[in-house]
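Heads up: the structure comes next, in structure tokens.
Residue numbers begin at 1 in each chain, while the letters A, B, ... track the order of the sequences.
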Amino acid sequence: MKQPKRYLITSALPYANGLKHIGHLAGAYLPADIYVRYLKAQKRDVVFVCGSDEHGTAIPIQATKEGTTARAIIDKYHPIMKQNFKDLGIDFDIYHRTSDPLHHETAKEFFTKLNDNGDLEIKETEQYFDEQANSFLADRYIKGTCPNCSYDSAYGDQCERCGKSLSPDELINPVSTLSGNKPIKKSTKHWYLPLNRHEDFLRDWILKEHANDWRSTVVGQCKSWIDGGLQPRAVTRDLDWGVTLPESVDGGKGKVLYVWFDAPVGYISATKQWALNNDKDWKPYWQDKDTKLVHFIGKDNIVFHCIIFPIMLKLHGDILPDNVPANEFMNLEGDKMSTSRNWKVEMQDYVDDFINKENGGSQMADVLRYYLTLIAPETKDSEFTWQGFQDANNSELVSIFGNFVNRSLVLMHKLCKGKVPPLHAEALTDLDRTVVADIQAAKEKVEALLEQYKFRDALFEVINLARTGNQYMQKKEPWIVVKQLSEDGQPTAEAQASIDNTLHICLQLCANLAVLINPFLPFTARKMCYLMKVVDKMLDWENAGKMKLLSTGYSLRPPELLFRKIEDSEIAEQLEKLKAAVVNREASVVSKDSTMEEINPKFADVKSEIVFDDFAKIDLRVGKIISAEKVEKADKLLKLSVDLGFETRTIVSGIALHFKPEDIVGKQVTVVVNLAPRKMRGIESNGMILMAEDANGKLHFMNPEAEINPGAGVS
RNA sequence: GGCGAGGUAGCUCAGUUGGUUAGAGCACAGGAUUCAUAACCCUGAGGUCACGAGUUCAAAUCUCGUUCUCGCUACCA
């Protein structure tokens, strides 16, 4: 197999709207880090880039929720995420950020090149513009009279009464729903990436070339997209947070690049920044065919890294990824990890609870790395349990790996005077030779598995080598052999030779373990070097499989434990914490919202002012839900019957993910009763239920504090 | 709802192109041992391979149907 000249490894850019959890770590960061450490140990030319993804609408929205600015949000989360990765041993060559000027420049250049080459489609349209709100109006923000049925409240995209699809231009007497004013026509442009032009390329590249060497989930998902027919995808957006279009681009004012377009370019700008910092040239890493590019991501990101970004790269003249080893998701204690439900263990939590504790230290980072690699969701979703975490540590890391290293060092001090004993070739047994061969074999297995991104299996082989060491020692039992005394009270020459050989091999095996475990557990590997009094350079991969890593006669440090046991109480604590967090989140919702309102009265962008008459147009009533059922073929919709006193109405509401139908029957709700009917999934909805959304995205009914008569007016 | 991936021992996971009694680690039980963090070592028990049909001399593996989980997507006034 031809070896690439250089490697460029990326991990998905974490979105800077909150802290990331250990599921993210296991999916996109840890595997990449293991792979990179392995390549670096081989002295390959490799750059490992990542950074915070800081654009997109969710950041300003998060800012609104936290009562602050978008800038403040990213400045808050970026450094914490960077530090979390460092604490857990994720050793990026650079952790960049997309808010950096260099990134903006790079993304603009990328856009410009594609635009200049005619690879983007521009659709220039006369769109309605609300002068008072100072923004273009999406179709649904425009109302007017339907040309088909003369209904006077038709939306820009569809008439609710006759069901006809419309464009805003067809509406008679259009009105902006933002301000109530008559919008003006203004010319606007948007740029699109015509994915559909590249279907043949994708078919060849993914479904033929990579049908076998990419993971089946990845190929399957791509096939699904390609077969479904690709559509042009808007590259630009009317938004004020993001990478602005280049000045030179006509009609680009007030627009930014859509976040999906700018974020992956972040890999390139990060590489540029790395090159600047290290006085290197970034270009070969993205443009030379001898570079192997690998994207590590979670399965939710497949389409971007396998379909969209490759098209961008191809058009821009860059290399394509060699592989995209997407991981599945990791569940936690029987349920999906979820930020909104607070069912998660953040990297920060782990750092606080295990690494930064008195009995913690960086060794504890390795413990997490070990367990996450062991249960990595490489082919299907997997499950993190604290019990599993404890077991993995106590009965594998401690009992097998740590114990072997410890007993080797202890025995060496007791039976060989604290020095690496010589190897007596004439006294070698078959068993000795077998173990030596096993060490070489282990190296080859680990190597082969890592090249295939099978990290779990590779790690198992390393642990298995430690297990082999334990078995070997058990069979040779030097602590028994030492009792074969000669007349002077010292062990016989044969006995000492056997002991020397055993310990010599065990110690070389320890040194090999350090080399092999290094990509997975870097802190542990370094501690082992310390104990064996060798420099970190011994960890170079070329040393794996060799039997002369430790020189005969060399004295080693007194043994120290590599890992400590994790107590039942610590596990119980974590489980408690997990449950408490869920309860707290639910309890804190009410108080938290109200305090935020007080602190920051300008909680959200307040809509433009309206006169009382405008408000009075809205007819709000109290109603009572008398029945609820799920709408067929729709995940989010519930069909409700609401008693309004004077009549009972059918209302369709998009709340199915938040409430079970049986739980909301009998609830009082506030209803907009004079809203134009609208058909959803074939059911006509006559009104709208008012809901409040809290900072966690959870919905709450707006209802009177005491049960009152249905139909009561609200004002 | 459409599409994609998955459902294998108590737990976490392997099972390449269909081929003898379905594997590993942990946990569990019994034994042995003491150099070692009550660690190690040996042995053992434990599975209707989600369910139901079909193809085949032969199915965990191929086909169809059912069901459950996850992801993408549509539905959110």
Side-chain angles (χ1 to χ4, degrees), chain A residues 140-141 155 160 177 212 215-225 227-228 298-304 326 328-331 335-336 371 374-385 387-392 394-400 402-415 454 456-457 459-460 463-464 466-467 469-482 499 502-503 506 559-565 631-638 651-658 672 675-683 685 687-691 699:
Chain A
R140 68 175 73 131
Y141 288 119
Y155 287 98
E160 272 24 345
T177 59
N212 296 316
R215 291 184 178 167
S216 60
T217 55
V218 176
V219 176
Q221 177 117 161
C222 291
K223 187 174 186 307
S224 162
W225 270 76
D227 288 349
K299 66 174 162 181
D300 51 341
N301 256 324
I302 290 174
V303 65
F304 288 103
E328 304 292 296
F329 285 172
M330 183 176 280
N331 294 331
D335 210 342
K336 276 195 291 188
Y371 182 53
L374 202 70
I375 61 166
E378 288 175 10
T379 53
K380 59 184 170 189
D381 290 354
S382 70
E383 173 95 8
F384 181 104
T385 64
Q387 183 65 55
F389 170 78
Q390 184 192 23
D391 286 346
N394 290 0
S395 49
E396 293 181 32
L397 267 187
V398 172
S399 299
I400 302 197
N403 182 44
F404 174 70
V405 173
N406 187 47
R407 70 197 295 209
S408 297
L409 292 174
V410 168
L411 271 177
M412 187 269 295
H413 277 90
K414 285 187 179 171
L415 306 180
K454 291 184 175 174
R456 191 200 307 125
D457 293 348
L459 178 57
F460 176 81
I463 297 300
N464 213 30
R467 189 174 276 117
N470 277 322
Q471 291 164 344
Y472 170 67
M473 198 177 270
Q474 200 68 29
K475 284 179 190 153
K476 297 278 304 226
E477 44 189 18
W479 52 91
I480 303 285
V481 175
V482 77
I499 292 168
T502 303
L503 268 301
C506 282
E560 280 174 38
L561 297 182
L562 290 177
F563 306 101
R564 70 171 178 85
K565 290 224 167 199
V631 175
E632 294 275 322
K633 302 180 188 180
D635 289 347
K636 297 187 185 173
L637 299 181
L638 287 186
I651 296 177
V652 180
S653 186
I655 56 173
L657 294 181
H658 296 82
V672 183
L675 193 66
R678 182 183 167 97
K679 264 195 177 179
M680 278 180 275
R681 285 277 147 190
I683 302 167
S685 177
M688 172 176 162
I689 310 280
L690 296 189
M691 305 295 293
L699 297 182

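Between the side chains of A/N470 and A/Q474, no donor-acceptor pair is found at a separation under 3.5 Å. A donor-acceptor contact closer than 3.5 angstrom links the side chains of A/R467 and A/N464.
Relative to the side chain of A/K636, the nucleotides B/G71, B/A14, B/C75 differ in distance, and B/C75 lies closest. For A/K414, the side-chain atoms get nearest to B/C35 when compared with the rest of B/U37, B/C35, B/G4. The side chain of A/D300 has B/G71 as its nearest neighbour among B/U12, B/G71, B/U73. In this structure, of B/C40, B/A5, B/U37, it is B/A5 that holds the atom nearest to the side chain of A/S216. Checking B/U12, B/C26, B/G71 against the side-chain heavy atoms of A/K299 singles out B/G71 as nearest. When each of B/C40, B/G4, B/U37 is scored by its nearest atom to the side-chain atoms of A/Q221, the top-ranked nucleotide is B/G4. Residue A/K380 has its side chain nearest to B/G7 when only B/G7, B/A27, B/A77 are considered. Closest to the side chain of A/E328, from the set B/C40, B/C72, B/A5, is B/A5. The side chain of A/N470 has B/C40 as its nearest neighbour among B/G4, B/A36, B/C40. The side chain of A/L562 lies closest to B/U37, out of B/U37, B/U33, B/C70.
If you check B/A60 for Watson-Crick or wobble pairing at under 3.5 angstrom, you find it has no partner at all.
Counting non-hydrogen atoms under 4.0 angstrom, A/F404 reaches nothing in the nucleic acid. Residue A/G687 is classed as a sugar-phosphate contact, given heavy-atom separations below 4.0 Å to backbone atoms only. If you check every strand for non-hydrogen atoms under 4.0 Å, A/R456 touches sugar and phosphate atoms only. A/E396 comes within 4.0 angstrom of the backbone, heavy atoms only, and of no base. Residue A/L561 is in base contact, counting any heavy-atom pair closer than 4.0 Å across all strands shown. No engagement by A/T385 is indicated, since no non-hydrogen atom pair under 4.0 Å with the nucleic acid exists. Looking at heavy-atom distances under 4.0 Å, A/V410 makes contact with sugar-phosphate atoms alone, never a base. Using a 4.0 Å heavy-atom cutoff across all strands shown, A/K223 reaches no nucleic acid atom at all.
Between the C1' atom of B/C26 and the CG atom of A/L397 lies a distance of 13 Å, rounded to the nearest Å. Counting to the nearest Å, the P atom of B/U34 and the CG atom of A/L415 are 14 Å from each other. Atom pair A/I400:CD1 and B/C26:C1' shows a separation of 9 Å (rounding to whole Å applied). Residue A/F304 contributes atom CZ, which lies 12 Å from atom C1' of B/U73 at whole-angstrom precision. At whole-Å resolution of the value, CG in A/L409 and C1' in B/A36 are 11 Å apart. In this entry the distance linking CG of A/N331 with C1' of B/U12 reads 13 Å, nearest Å. The CD atom of A/E378 sits 16 Å away from the P atom of B/U12 (whole-angstrom rounding). For the pair A/N394 CG and B/A36 P, the computed distance is 20 Å after rounding to whole Å.
Note on A/K336: a side-chain N or O is less than 4.0 Å away from OP1 or OP2 of B/G71. For B/A39, neither phosphate oxygen OP1 nor OP2 lies less than 4.0 angstrom from any side-chain nitrogen or oxygen of A/S395. For the OP1/OP2 pair of B/C42 and a distance below 4.0 Å, the side-chain nitrogens and oxygens of A/Q471 include at least one atom meeting the criterion. Within the 4.0 Å cut-off from OP1 or OP2 of B/C13, at least one side-chain nitrogen or oxygen of A/S382 is found. Proximity of A/R407 to the phosphate of B/U37: no side-chain N or O atom is located under 4.0 Å from OP1 or OP2. In this structure, A/S653 reaches the B/A77 phosphate: one of its side-chain N or O atoms is under 4.0 Å from OP1 or OP2. Using a 4.0 Å cut-off, some side-chain N or O of A/R467 falls inside it from OP1 or OP2 of B/C26.
Only the C1' atoms considered, B/A22 is 14 Å distant from B/C13, to the nearest whole Å. Comparing the same atom, P, in B/A9 and in B/U48 gives a spacing of 9 Å after rounding to whole Å.
Rounding to the nearest 0.5 angstrom, the gap separating the CG atom in A/L637 from the OG atom in A/S653 is 8.0 Å. Taking CD1 from A/I499 and SG from A/C506, the interatomic distance works out to 12.0 Å, rounded to the nearest 0.5 Å. Distance check: A/F563 CZ to A/N394 CG gives 11.5 Å after rounding to the nearest 0.5 Å.
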For this session: Evaluate salt bridge (Lys or Arg N to Asp or Glu O under 4.0 Å) for A/D381 paired with A/K336, printing each intermediate quantity in order.
Result: CA-CA 10 Å; A/D381 290 354; A/K336 276 195 291 188; over 6 Å; no
